[in-house]
Amino acid sequence: MPGSARMMAGMTVGGLVVVTGYSVALGSNGWLWFTWVVLGLLTVGVVVARGN
């Protein structure tokens with residue numbers, strides 16, 4: 001996995017940790033989860049595109 005895809009994957013995992021922590025501490029926020037899902041899909045797209 002190239003450096004940019006690796007960094008994006010790291011940001012996605014970090015985002016999951018932040019969103020989960022926020023949800024535990026302050027309650028769930030649908031927009032945060034939606035944003036995280038979009039970021040995850042973009043990460044998968046980048047990894048697949050870089051793999052070819």
Side-chain angles (χ1 to χ4, degrees):
M1 183 176 350
S4 61
R6 184 179 309 241
M7 184 180 359
M8 193 165 184
M11 289 176 56
T12 301
V13 171
L16 176 61
V17 171
V18 169
V19 170
T20 302
Y22 180 92
S23 294
V24 168
L26 301 174
S28 184
N29 183 332
W31 283 109
L32 286 177
W33 285 105
F34 174 75
T35 304
W36 183 82
V37 168
V38 170
L39 179 61
L41 291 173
L42 287 171
T43 301
V44 169
V46 167
V47 170
V48 169
R50 296 283 184 186
N52 291 334

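Along the sequence shown, the residues carry numbers beginning at 1. Just so it is clear, the values below take in all heavy atoms, side chains as well, and ignore hydrogens, waters and symmetry mates.
Residues Ala5 and Val47 share a closest heavy-atom pair of CB-CG2, 4.2 Å. When all heavy atoms are compared, the tightest approach of Gly15 to Trp36 is C-CD1, 3.6 Å. Scanning all heavy atoms of the two residues, the minimum distance from Ser23 to Asn29 falls at OG-N, 4.5 Å.
Linking ILVMFWY side-chain heavy atoms closer than 4.5 Å, directly or via other members, places Val38 and Val46 in a single hydrophobic cluster. Under the 4.5 Å side-chain heavy-atom criterion for ILVMFWY residues, no single connected hydrophobic cluster contains both Phe34 and Leu41. Under a hydrophobic-cluster definition in which Ile, Leu, Val, Met, Phe, Trp and Tyr are linked whenever side-chain heavy atoms come within less than 4.5 Å, directly or via other members, Val37 and Tyr22 are assigned to the same cluster. Under a hydrophobic-cluster definition in which Ile, Leu, Val, Met, Phe, Trp and Tyr are linked whenever side-chain heavy atoms come within less than 4.5 Å, directly or via other members, Val48 and Met8 are assigned to different clusters.
Inter-residue side-chain proximity for Thr20 and Leu16 is flagged as met; some heavy-atom pair is nearer than 4.5 Å.
The distance from atom CG of Leu39 to atom CE of Met11, rounded to the nearest 0.5 Å, is 6.5 Å.
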